[in-house]
Amino acid sequence: MAVTPLAIKYRPKSFEDLSEQESIVSILTNQVETKTFQHAYLFIGSAGVGKTTSARIFANMINDGKGRPIEVDAASNSGVDNIRNNIIDDSKKKSLDSEYKIFIIDECHSLSNSAWQALLKLLEESPKYSIFILCTTNPEKIPATIISRVQQFKFNRISNDGIKSRLVDIYDKEKEEDSEITVSDEALDYISKLARGGLRTAITNLDKCLSFSKSVDLDVVINVIDTVNYDTFFSFTEKLINKDKDCINTINNLYNSGKDLKQFNLDYMKFLLDVMSYIIFNNIDSTDFPKDNNVISKLDKFKDKEEIILNIIRVVKDLNYEARFNSDLKTLFSITYLLYCGE
Ligand SMILES: Nc1ncnc2c1ncn2[C@@H]1O[C@H](COP(=O)(O)OP(=O)(O)OP(=O)(O)O)[C@@H](O)[C@H]1O
Ligand SMILES: [Mg+2]
């Protein structure tokens with residue numbers, strides 16, 4: 001039997017169980033208490049921060065647990081027909097089993113132009129007992145005419161602490177079901193950091209690690225999750241600090257192993273920023289690095305190299321710009337770093 005993914009198993013059923021997003025929860029809860037609903041809502045925010053979950057909880061509260069909201073996934077039904085058939089006609093009929101008919105239109109940025117027009121008409125007519133909750137990660141794709149007719153809520157990324165505490169809760173519950181599993185504190189820390197505010201990403205990664213091993217430590221996380229290989233960045237940086245022209249070998253190896261050099265450059269910028277954060281704040285928690293002694297000792301070696309690292313950052317930043325107009329990235333990268341080493 002297929003197992004339920006942890007992210008679905010632990011989807012909150014009430015606002016009490018939702019991590020963070022406190023101000024949104026308090027406004028929506030107040031609307032339920034005072035029965036002052038809007039006709040249409042727009043939930044905006046990055047992936048996996050609780051938009052769909054909150055839409056379902058809110059819909060359930062509006063209808064006092066009766067009936068079910070009608071969910072439309074615009075990403076898979078972006079045609080106008082679907083909106084017309086499923087929503088326009090439907091929204092004019094009063095719900096039989098609940099006070100309001102509630103439509104959750106998920107990933108609404110994928111709706112076609114004509115679907116938006118149809119929806120707009122509907123929002124203008126405002127069938128009395130219908131409520132629309134639109135969710136999106138891309139608000140810039142929503143027509144201004146729609147934006148002006150909805151109440152917007154911006155969902156924040158979840159803090160690292162918020163993610164970690166949710167992971168700890170999930171881990172505790174899973175451990176009650178299977179006492180053999182263990183996940184180290186460092187592993188939970190690192191999974192939280194890697195998620196960059198997306199709670200679903202964090203839970204999915206924990207799930208992946210647990211299906212790889214019942215005993216998850218930092219090494220398992222680094223192995224299982226497709227993280228950047230820090231070793232390459234550390235040795236590349238050491239070469240650049242020493243102005244060692246052998247650095248073009250790294251570019252060669254990356255190219256030959258099929259790595260996308262543009263992406264490498266972006267990841268390397270992020271790496272250097274984290275190195276600088278470590279030097280400035282002298283604290284591994286201010287970075288996305290894992291709390292690993294090996295990593296810390298390598299970082300400590302950069303502590304008196306601030307000026308040089310800033311120079312490298314300038315080169316990498318310019319390279320990021322130039323890469324946009326150049327099709328032979330291997331040559332561009334090799335020449336840029338050779339020139340840097342020859343300065
Ligand atoms: N704020 C949160 N509190 C608790 N769990 C959360 C929260 N946000 C996300 N999750 C977890 O992540 C899963 C996905 O959340 P949800 O579907 O609400 O994300 P979303 O914001 O709609 O993302 P997407 O933009 O990708 O659709 C949930 O099932 C839950 O396990
Ligand atoms: Mg969603």
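Start at 1 with the first residue, then count along the sequence. Every number for a ligand or one of its atoms is a count from 1 in the order of the listing.
- For Gly45, the heavy-atom gap to ligand 1 stays at 4.0 angstrom or more.
- Between Lys298 and Asp231 there is a salt bridge, with a side-chain nitrogen of the basic residue lying less than 4.0 Å from a carboxylate oxygen of the acidic one.
- If you number the atoms of ligand 1 from 1 as listed, the ones under 4.0 Å from a heavy atom of Ile203 come out as 11 (C), 31 (O).
- From the protein, the heavy atom lying nearest to atom 26 (O) of ligand 1 is Arg200 NH1, 3.0 Å.
- Residues that satisfy the side chain to side chain donor-acceptor pair (under 3.5 Å) test with Gln151, not counting sequence neighbours, are Gln31.
- Numbered from 1 in the order shown, with element, the atoms of ligand 1 that lie under 4.0 Å from a heavy atom of Thr137 read 25 (O).
- Residues forming a side chain to side chain donor-acceptor pair (under 3.5 Å) with Lys101 (at least two apart in sequence, or on another chain): Asp90.
- Protein heavy atom closest to atom 27 (O) of ligand 1, with residue, atom name and distance, is Glu107 OE2, 3.2 Å.
- Heavy atoms of Glu20 come nearer than 4.0 angstrom to ligand 1 in no pair at all.
- Taking the charged nitrogens against the carboxylate oxygens, Lys9 and Glu177 do have a contact shorter than 4.0 Å, which makes a salt bridge.
- Close N/O approach between Thr52 and ligand 1 is found [any backbone or side-chain N/O within under 3.5 Å].
- Nearest non-hydrogen protein atom to atom 5 (N) of ligand 1 is Leu199 CD2, 3.5 Å.
- Without hydrogens or angle criteria, Tyr190 side chain to Phe289 main chain gives no donor-acceptor distance under 3.5 Å.
- Side chain of Gln152 to backbone of Phe43: no donor-acceptor contact under 3.5 angstrom is found.
- The option from Gly198, Ala202, Ser19, Ser46 that lies nearest to atom 1 (N) of ligand 1, judged by heavy atoms, is Ser19.
- Nearest to atom 17 (O) of ligand 1 by heavy-atom distance, out of Lys51, Arg11, Arg166, is Arg11.
- In terms of protein heavy-atom proximity, atom 18 (O) of ligand 1 is nearest to Thr53 OG1, 2.5 Å.
- The main-chain N or O of Asn156 is found under 3.5 Å from a side-chain atom of Gln21 such that the two form a donor-acceptor pair.
- Near the Mg ion (ligand 2), less than 2.8 Å away, sit the protein N, O or S atoms Thr52 OG1.
- Looking only at heavy atoms of the protein, atom 29 (O) of ligand 1 is closest to Ala7 O, 2.6 Å.
- No N or O atom of Ile158 sits closer than 3.5 Å to an N or O atom of ligand 1.
- Considering backbone and side-chain atoms alike, Gly48 places an N or O below 3.5 Å from some N or O of ligand 1.
- To the nearest 0.5 angstrom, Lys262 atom NZ is 9.0 Å from Phe333 atom CZ.
- Short contacts between ligand 1 and Tyr10, defined as distances under 4.0 Å to a heavy atom of the residue, involve ligand atoms 31 (O).
- The N/O atoms of Asp17, backbone and side chain alike, include none that comes under 3.5 Å of an N/O atom in ligand 1.
- Between Lys175 and Glu180 there is no salt bridge, since none of the side-chain N atoms of the basic residue sits less than 4.0 Å from a carboxylate O of the acidic one.
- Using bins of under 30°, 30° to 60° and over 60° for the plane-to-plane angle, the ring pair Tyr100/Phe37 lands in the perpendicular bin.
- Between Asp17 and Arg166 there is a salt bridge, since at least one side-chain N of the basic residue sits less than 4.0 Å from a carboxylate O of the acidic one.
- Within the 4.0 Å heavy-atom shell around ligand 1 one finds Pro12.
- Ring centers of Phe234 and Phe271: under 6.0 Å apart, within the cut-off.
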Can I get a per-line list of side-chain donor-acceptor pairs under 3.5 Å for residues 305-327, giving both atom names and the distance, sequence neighbours left out?
from: Asn311; atom 1: OD1; to: Arg314; atom 2: NH1; distance (Å): 2.6
from: Asn326; atom 1: OD1; to: Asp328; atom 2: N; distance (Å): 2.9

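- Of the charged side-chain nitrogens involved, none lies within less than 4.0 Å of a carboxylate oxygen, so that Asp185 and Lys291 do not count as a salt-bridged pair.
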